[in-house]
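Written below as structure tokens is the structure these notes are about.
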Amino acid sequence: MLVRGSKIAEVRPNIATTDAEVIDASRSIVMPGFIDTHRHMWQGILRNIIPDASLSEYFQVVQRTVGPAYTPDDLYISNYVSALGAIDVGITNILDWSHIQNTPEHTDAAIKGLADSGVRAVFAYGSPANGLPRFWEDPRQKYPGDIARLRKQYFSSGDQLMTLALASITGPHDRVIESWKTARDVGARITMHVGIGNITKDFLKKLGDDGLMRSDNTYIHCCTLSDEEWKLIKDTGGTLSVAGYVELMMGHGTPPIQKAIDMGVRPSLSIDVETSVPGDMFTQMRTVLSLQRGQIWERSLKGEKELPAFLKARDVLEFATVEGAKANGLDSKIGTLTPGKEADIILLRTDRISVMPRNNAVGAVVTSMSPANVDTVLIGGQVKKRDGQLVGVDVARIGKLLDESRDRTLAAAKYERAKL
Ligand SMILES: [Zn+2]
């Protein structure tokens with residue numbers, strides 16, 4: 001594979017060049033970087049803090065108690081470390097679902113954290129976490145109108161590493177409509193949470209009835225949608241983000257992996273919250289693969305005939321790459337190793353004792369590998385990780401900043417974390 005500038009120039013045997021730097025991939029699997037289509041990266045200082053939380057406990061602790069105490073500096077270091085963590089595990093493109101826009105200064109800090117990491121980010125501008133039932137009554141917050149400033153100030157070029165989206169609120173209905181119009185006026189895609197327990201019941205149907213659902217929408221979770229709502233997604237060309245691990249852990253409903261396939265929608269995958277979810281795509285791939293197969297086997301054991309096909313390892317690898325590129329609106333640029341696309345490439349080591357011998361490339365990635373195999377990461381042709389180490393990152397310094405930020409934020413929020 002030949003990379004020229006930020007792009008993949010050639011993929012074929014025996015490429016002859018004299019002036020290229022050579023990266024030896026002979027003991028690796030080379031594949032497109034993983035793509036995460038929804039993560040609340042502002043929770044970087046809160047990783048693994050509530051491993052046993054339900055959705056309602058998460059809302060109470062993270063969004064209502066701790067979120068309002070965040071300063072712009074806390075948001076910066078959180079986004080920075082969450083983005084570096086993504087690169088470290090081979091995620092080259094990630095959508096930051098940023099519903100902590102407490103002030104425009106918070107927004108600027110969030111964007112800077114992403115930019116400083118060098119990840120290919122979709123910044124999805126969201127509402128504040130200000131602890132108010134009616135968040136818009138806080139005069140310091142500017143959702144959704146500030147997205148127009150962001151388009152001008154940070155996202156004016158179509159040819160840059162970071163792109164802009166709207167992280168949509170889920171109510172009240174007239175405010176949702178207003179925010180979608182504001183996003184579409186500046187050409188931003190729209191991502192939103194739907195089909196979670198009974199929280200967002202019939203919400204999507206109303207938007208569909210108003211004719212507002214389009215192919216620029218990504219729908220997250222979708223565990224409890226009606227068939228009518230699924231049909232609206234399919235018919236309007238929307239994309240899907242399944243966060244299987246969190247859905248099983250926190251009570252969203254069963255991950256709709258089979259439902260999506262039945263309805264003709266190929267899902268992308270996402271991590272969601274690092275407060276209780278591992279930050280890598282290996283976990284996500286194996287979660288939906290084992291869940292779908294388990295469900296089909298269960299039906300088979302009960303005597304059902306003419307069952308849907310089992311998912312295969314290659315399916316979930318596609319969900320974690322090319323389907324992610326579609327959901328993030330970037331499939332013309334990334335998601336596959338195709339000449340002309342951006343060089344977002346990862347090398348996964350196969351000469352590790354836990355993986356060898358090399359038998360089946362897709363099988364190795366989906367079955368045997370973990371973040372420990374991520375040796376080299378390129379984003380837009382730039383080497384971000386090499387020989388298993390992030391390039392140009394002072395881990396000790398970041399650790400210190402995280403501890404300080406976490407201690408300050410939790411103290412300001414009067415929240416005491418359980419340490420064991
Ligand atoms: Zn989420």
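Numbers for residues simply follow the sequence, beginning at 1. It should be emphasised that the depicted structure is a prediction, and the values quoted were computed from it without experimental measurement. Start at 1 and go down the list; that is how both ligands and their atoms are numbered.
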May I have the list of side-chain donor-acceptor pairs in residues 308-315 shorter than 3.5 Å, sequence neighbours left out?
residue: Asp315; atom: OD1; partner: Arg266; partner atom: NH1; Å: 3.4
residue: Asp315; atom: OD1; partner: Arg266; partner atom: NH2; Å: 3.3
residue: Asp315; atom: OD2; partner: Lys312; partner atom: N; Å: 2.8

Show me the donor-acceptor pairs within less than 3.5 Å that the side chains of residues 55-62 make with the rest of the protein, sequence neighbours left out.
residue: Ser56; atom: OG; partner: Ser54; partner atom: OG; Å: 3.3
residue: Glu57; atom: OE1; partner: Ser54; partner atom: N; Å: 2.8
residue: Glu57; atom: OE1; partner: Ser54; partner atom: OG; Å: 3.4
residue: Tyr58; atom: OH; partner: Gln43; partner atom: NE2; Å: 2.8
residue: Tyr58; atom: OH; partner: Gln63; partner atom: OE1; Å: 3.3
residue: Gln60; atom: OE1; partner: Arg64; partner atom: NH1; Å: 3.0

Tell me yes or no: between the side chains of Thr103 and Glu105, is some donor less than 3.5 Å from an acceptor? yes

Pairing donors with acceptors under 3.5 angstrom, does anything connect the side chains of Glu318 and Thr321? no

Output, by chain and residue number, all protein N/O/S atoms separated from the Zn ion (ligand 1) by less than 2.8 Å. His38 NE2, His40 NE2, His193 NE2, Asp272 OD1

Smallest separation among heavy atoms of Gly279 and Val89, with atom names: O-CG2, 3.5 Å

Could you pull out all donor-acceptor pairs under 3.5 Å where a side-chain atom in residues 411-420 meets a protein atom, sequence neighbours excluded?
none

